[in-house]
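Below: the structure, in structure tokens.
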Amino acid sequence: QITGLPEGGKERMMLHPRRVFAVENALVSCLTDSVAIIDPEAMFPIATDASPFDPRPPPLMERAEGVLDPDGLALCDDLALDAEAEIAVTMTRGALGQPAGLTSWRLPDLTSPPFDDPIELQSWIDASGFETGVFDDGYLYVAGKPDRLSVFTVNEQGAFTLVHEQQLPGCTGSWSVIKAGDRLYLTDAGVHPERGDGQPQGGSLYVFDASDPAAPMLQSSVPTWGLGKSLAVSSDGRVALAGGEAGLEIFDVSMIDAPVLSEHINTPGSAISVAWSDGYLLLSDWNSMRLYDASEPGNTRLISATDLALTQLSGDEQDPQWAIDNSGFVALSGTDFIITEMDTIFLGTLQPGARTGSLNVIDRRWSISASSERQDQAFVLRLRNGGRQALELSIRQQKGLT
């Protein structure tokens, strides 16, 4: 049962926030089966000096929302937003027998709460579906399954017009699309074992000339080690790709005809989403957030890694309330960030200034317990920081731990 209410029920089954936009005084997000408008002032505050046990957040945040049609395009895999036109578009690849395509929405006034619900306008049915999309220059650019870049216009009534479509050679799983100036980038998250030994057998990064915004033209492509699920562009023209288990890849795209992999950084988890702002690069690595100093090309350095939980709470909670378990989306504007997890949206601010790396050693996947025969156990933590500076480790004080 994907959407709809069970008999007598008052709550739907699905949340899972995907992309989140901060617009005016609101957050706009898709929650798998709805488009939600959230008042940030009503969100539960995380106080560093408060007890983690009291108070507790509400089980379900209040929000304005428009529910997708359970008999039509019932799911939202991504969200694109044209704030000036007050239009949002959800896209779905289709799943579990549901149809695929695009749905447009009229957004309410986002200047002051309480917010009205967004209104569903029109849908575009597509046999193969769409993965992600972005509005820019009045056009909607979407990654069409399995191997397309599609360009639409969306009018005031939410009607879609397909103005351009291009197939991507060698692509088997188009995924993430982003536009920056007169360049457009799109990833192939398919696997390519046919490539030769020693060659990247993940997906590809496609580079387009979008000087004609209505009809971007493919200029080049480069193989990627990972399966690109997210892209971010720096102010100096580099492109970062979150490549799943292959980690983080950074490309020099200064030559539009010859993009080059300039850095490949392995990460301990699975790189899902990436954001870039003011020399900082923020990466969601499934069960941790990783912050990099990426201001110097070719010398990206880890500054901090955390799952947010123990840095915020002072109590000895075994299952931290604010722990990142399966992060899915990050956004970074200046020093303000947005992070989503399976059922949570986090807002926060980076603390700029430090350029020496710090590391929060938090691994909730391992548990060490005393037995009835032996109350003391020793274990070893091995750490290294690449030898740049001396590494100092402090243990968070906790009852029974010395």
Side-chain angles (χ1 to χ4, degrees), residues 14-22 27 29-32 36 38 40 43-48 50-53 56-61 78 176 226-227 229-230 232 240-248 265-277 280-292 294 302-333 335-351 357-367 381 383 396 398:
M14 304 192 76
L15 284 174
H16 193 21
R18 307 300 176 95
R19 191 179 302 271
V20 182
F21 294 92
L27 300 180
S29 177
C30 55
L31 304 180
T32 300
I38 300 166
M43 294 175 69
F44 187 76
I46 299 177
T48 56
S51 165
F53 305 104
R56 284 290 188 175
L60 203 63
M61 286 297 303
D78 195 21
S176 180
L227 309 181
K229 299 299 180 68
S230 174
L241 178 146
E245 293 184 1
L248 173 67
I265 301 170
N266 288 315
T267 60
S270 182
I272 300 298
S273 184
V274 63
W276 208 330
S277 181
Y280 289 106
L281 194 151
L282 185 61
L283 179 76
S284 67
D285 200 37
W286 191 249
N287 56 9
S288 72
M289 303 306 304
R290 303 178 72 79
L291 178 65
Y292 295 89
L302 180 67
I303 297 175
S304 182
T306 179
D307 72 352
L308 298 186
L310 301 185
T311 62
Q312 302 290 346
L313 304 177
S314 56
D316 301 336
E317 192 172 7
Q318 294 300 313
D319 185 15
Q321 181 72 26
W322 306 112
I324 291 286
D325 262 331
N326 38 32
S327 60
F329 167 77
V330 298
L332 186 61
S333 177
T335 57
D336 294 329
F337 65 76
I338 303 173
I339 297 168
T340 71
E341 200 220 18
M342 180 59 74
D343 60 358
T344 308
I345 298 173
F346 299 89
L347 304 183
T349 303
L350 303 181
Q351 301 300 306
S358 66
L359 181 68
N360 297 309
V361 183
I362 301 170
D363 195 337
R364 292 169 297 108
R365 293 169 295 179
W366 290 83
S367 176
L381 297 176
L383 305 99
R396 175 175 171 268
Q398 191 167 341

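Residue numbers run from 1 in the order of the sequence given. Predicted model, so just to flag it, every value in this text is computed and none were measured.
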Mind checking side chain to side chain contact (heavy atoms under 4.5 Å, CB included) for Ser333 and listing every partner two or more places apart, or none if nothing turns up? none
Shortest non-hydrogen contact between Asn266 and Ala246, atoms and distance: OD1-O, 3.7 Å
Applying side chain to side chain contact (heavy atoms under 4.5 Å, CB included), name anything that partners Trp286, two or more places apart in sequence or on another chain. Ser270, Ile272, Asn326
Hey, is the main chain of Ile345 close enough, under 3.5 Å, to the side chain of Thr340 for a donor-acceptor pair? no
Interatomic distance, Leu27 atom CG to Ile338 atom CD1 [nearest 0.5 angstrom]: 5.5 Å
Short question: side chain of Ser284, backbone of Val330 - any donor-acceptor pair under 3.5 Å? no
Point-to-point distance, once rounded to the nearest 0.5 Å, from CG of Leu31 to CE of Met61: 11.5 Å
What closest approach, in Å, do Ala242 and Ser273 show between heavy atoms, and which atom pair accounts for it? CB-N, 3.8 Å
Nearest 0.5 Å please: distance from the CE atom of Met289 over to the CD1 atom of Ile324. 6.0 Å
Nearest-0.5 Å distance, CZ of residue Phe329 to NE2 of residue His16: 12.5 Å
Can you tell me how far the CG atom of Asp307 sits from the CG atom of Asn287, to the nearest 0.5 Å? 7.5 Å
Do Leu281 and Leu248 touch side chain to side chain, with heavy atoms closer than 4.5 Å? yes
Nearest 0.5 Å, please: how far is OG1 in Thr32 from CE in Met342? 8.5 Å
Using the side chain to side chain contact (heavy atoms under 4.5 Å, CB included) criterion, which residues pair with Thr267? Sequence neighbours excluded. Ala271, Leu283, Asp285, Arg290, Tyr292
Is there a side-chain contact between Val20 and Ile38, using heavy atoms and a 4.5 Å cut-off? no
Using atom types as modelled and distance alone, determine if a side-chain donor or acceptor of Ser29 lies under 3.5 Å from a backbone N or O of Arg19. yes
Determine, for Asp78 against Arg18, whether the closest basic-nitrogen to carboxylate-oxygen distance falls under 4.0 angstrom. no
For residues Tyr280 and Leu332, report the shortest heavy-atom separation together with the two atoms involved. O-CD2, 3.8 Å
